[in-house]
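Step one of this worksheet: look at the structure below.
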Amino acid sequence: MHFIYEGVGSYGLSIILFTLLTQIILLPFNWKQKKGMMDVQRIQPKMLELQKKYANNREKYAQEVQKLYDEEGVSPLSGCLPMLLTLPIMMGLYYVVAQPLRYFMGLSTEEIAKMAELLNIEGQSTIQMQAQVVAQYFDNFNLLSQHFDGLMKVDFNFLGINLALTPSFKEFNILWIVPILSGATAFLQSYVMRLMQKRQGVVQDASANASAAMMNVMMPAMSIYFGFILPAGLGVYWISRNIFSVIQELILTPYFIKKGREKEAQMIAEQEEKKKLRQEQMAQRRLEQSQQAKSGKEKGKQSGKNKETKDASQDDGQV
């Protein structure tokens with residue numbers, strides 16, 4: 001964040017570019033995650049057939065599902081790693097955004113306390129005190145720079161919003177736009193994912209559809225809620241991540257749909273080739289059996305003729 005900010009000079013833009021950078025770094029993992037999800041969705045109809053067939057035998061169902069995974073080359077756990085990798089990034093960014101003086105600018109606790117004293121901020125918790133300092137930091141930079149060497153002149157305002165502050169349910173102001181956009185972009189992401197699933201032709205049972213519908217409501221609601229209890233800068237991160245995820249979804253899903261159909265067509269062609277080969281082998285065996293049977297009959301006839309000839313010769317010799 002510090003390095004990016006020195007290049008662009010905008011706190012909000014540095015959060016957006018940081019988000020883009022993490023998306024690019026995680027792209028290989030997201031690629032693998034998307035491929036795993038698409039593979040599981042591709043074989044979903046076959047899994048539903050197994051579920052109906054072995055409804056009363058869970059052990060046999062589990063065995064057949066694992067067999068299906070092995071035959072199709074699908075790993076249902078391949079999508080977990082990217083989700084786990086995003087957690088430490090969000091946790092790290094939380095501290096950078098929630099306490100920018102400490103973790104973004106590298107100031108000590110004592111220096112922040114001295115700044116609060118210079119700005120007549122007192123009687124609050126450390127987090128609240130730091131938030132108040134951040135709110136007044138840019139406007140009082142000249143005063144603060146007289147007492148501290150090497151201060152970064154950082155404007156935490158972005159498009160008229162102080163990203164170091166936290167929106168409040170109790171006070172309506174411009175900060176509300178951050179959690180609202182966070183929820184809206186989360187809904188957009190869910191909508192695009194549903195759209196791509198329909199395009200892929202995903203078949204789900206009733207319970208899966210109910211879970212998906214609940215997630216489509218819960219994710220935007222959670223985004224709005226956390227947008228009101230965490231600094232606005234983190235909300236900008238979520239908004240940016242949702243938008244980049246939508247773009248990624250619109251690019252990767254059609255690609256994997258195409259690859260999945262090509263793979264399905266290849267597997268069908270291979271199955272037809274194997275079926276044709278088995279039919280040819282069976283026809284060859286039947287032909288060989290027929291020839292063997294015919295050869296056996298001819299040998300039997302020849303043996304009978306030889307016996308008649310031998311018997312006739314014996315009779316002539318007796319005469």
Side-chain angles (χ1 to χ4, degrees), residues 1-25 86-182 226-241 243-244:
M1 280 281 294
H2 191 115
F3 175 77
I4 295 172
Y5 179 83
E6 288 182 340
V8 299
S10 169
Y11 186 68
L13 185 58
S14 65
I15 293 176
I16 296 173
L17 292 178
F18 171 82
T19 309
L20 177 61
L21 179 62
T22 57
Q23 287 290 98
I24 293 173
I25 292 173
T86 58
L87 293 178
I89 294 175
M90 289 184 63
M91 291 175 63
L93 186 62
Y94 166 75
Y95 286 103
V96 171
V97 175
Q99 303 183 48
L101 299 177
R102 179 75 181 88
Y103 295 102
F104 175 63
M105 300 175 63
L107 299 176
S108 65
T109 305
E110 292 75 14
E111 288 175 321
I112 296 172
K114 182 65 180 302
M115 286 184 177
E117 183 180 343
L118 289 171
L119 298 174
N120 297 318
I121 299 171
E122 54 187 28
Q124 298 181 358
S125 66
T126 304
I127 300 297
Q128 291 175 332
M129 178 184 67
Q130 188 170 166
Q132 290 296 320
V133 172
V134 168
Q136 302 179 38
Y137 179 86
F138 186 76
D139 293 335
N140 293 277
F141 179 79
N142 292 332
L143 170 64
L144 296 174
S145 61
Q146 294 175 7
H147 297 82
F148 301 92
D149 296 329
L151 281 184
M152 292 176 62
K153 191 174 183 178
V154 179
D155 186 2
F156 294 99
N157 288 284
F158 180 64
L159 302 178
I161 302 172
N162 191 327
L163 300 183
L165 300 181
T166 301
S168 173
F169 286 109
K170 300 178 181 179
E171 182 182 354
F172 178 78
N173 52 39
I174 195 172
L175 285 172
W176 275 43
I177 196 173
V178 175
I180 291 173
L181 285 177
S182 181
F226 285 113
F228 274 105
I229 65 174
L230 296 172
L234 201 60
V236 171
Y237 167 76
W238 281 332
I239 294 169
S240 305
R241 187 170 178 271
I243 292 173
F244 292 142

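No hydrogens, no waters, no symmetry mates; every other heavy atom, side chains included, goes into these values. Computed from a prediction, not measured in an experiment: that's the story for all the values here.
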Locate the shortest heavy-atom distance separating Y5 from K153; write the atom from each residue and the value. OH-O, 3.2 Å
If you round to the nearest 0.5 Å, how far is CE of M115 from CG of L143? 10.0 Å
Quick check: do F104 and V134 have side-chain heavy atoms less than 4.5 Å from each other? no
Any side-chain heavy-atom pair from L151 and Y137 closer than 4.5 angstrom? yes
So, for M105 and M152, which heavy atoms are closest and what is the spacing to 0.1 Å? CE-O, 3.5 Å
Please find out if less than 6.0 Å separates the ring center of F156 from that of Y11. yes
To the nearest 0.5 angstrom, please state how far the OG atom of S168 sits from the CD1 atom of I229. 12.0 Å
Closest non-hydrogen atoms of L163 and G12, given as atom of the first, atom of the second and distance, are CD1-CA, 3.5 Å
Determine the interplanar angle of the F228 and F169 rings, folded into 0 to 90°, and report it as parallel if under 30°, tilted if 30 to 60°, perpendicular if over 60°. parallel
State the CG-CG distance between L13 and L20, to the nearest 0.5 angstrom. 10.5 Å
Show the nearest heavy-atom pair for residues F158 and S10, with the distance to one decimal. CD1-OG, 3.8 Å
Once you round to the nearest 0.5 Å, how far does CG of N162 lie from CG of L175? 7.5 Å
How long is the straight-line distance from CD1 of I4 back to OG1 of T19, given to the nearest 0.5 Å? 8.5 Å
Got a donor-acceptor contact below 3.5 angstrom from the S182 side chain to the V178 backbone? no
Decide yes or no for L230 and Y237: does some side-chain heavy atom of the first lie under 4.5 Å from some side-chain heavy atom of the second? no
Distance in Å, I112 CD1 paired with L101 CG, rounded so as to fall on 0.5 Å steps: 5.0 Å
Closest contact, heavy atoms only, L118 versus F148: CD1-CE1, 3.9 Å
To check you understand the geometry: which heavy-atom pair defines the closest contact between A232 and P167, and what is its length? N-CD, 4.2 Å
L21 and F3, any side-chain heavy atoms less than 4.5 Å apart: no
Side chains of F244 and I24 in contact at under 4.5 Å (non-hydrogen atoms): no
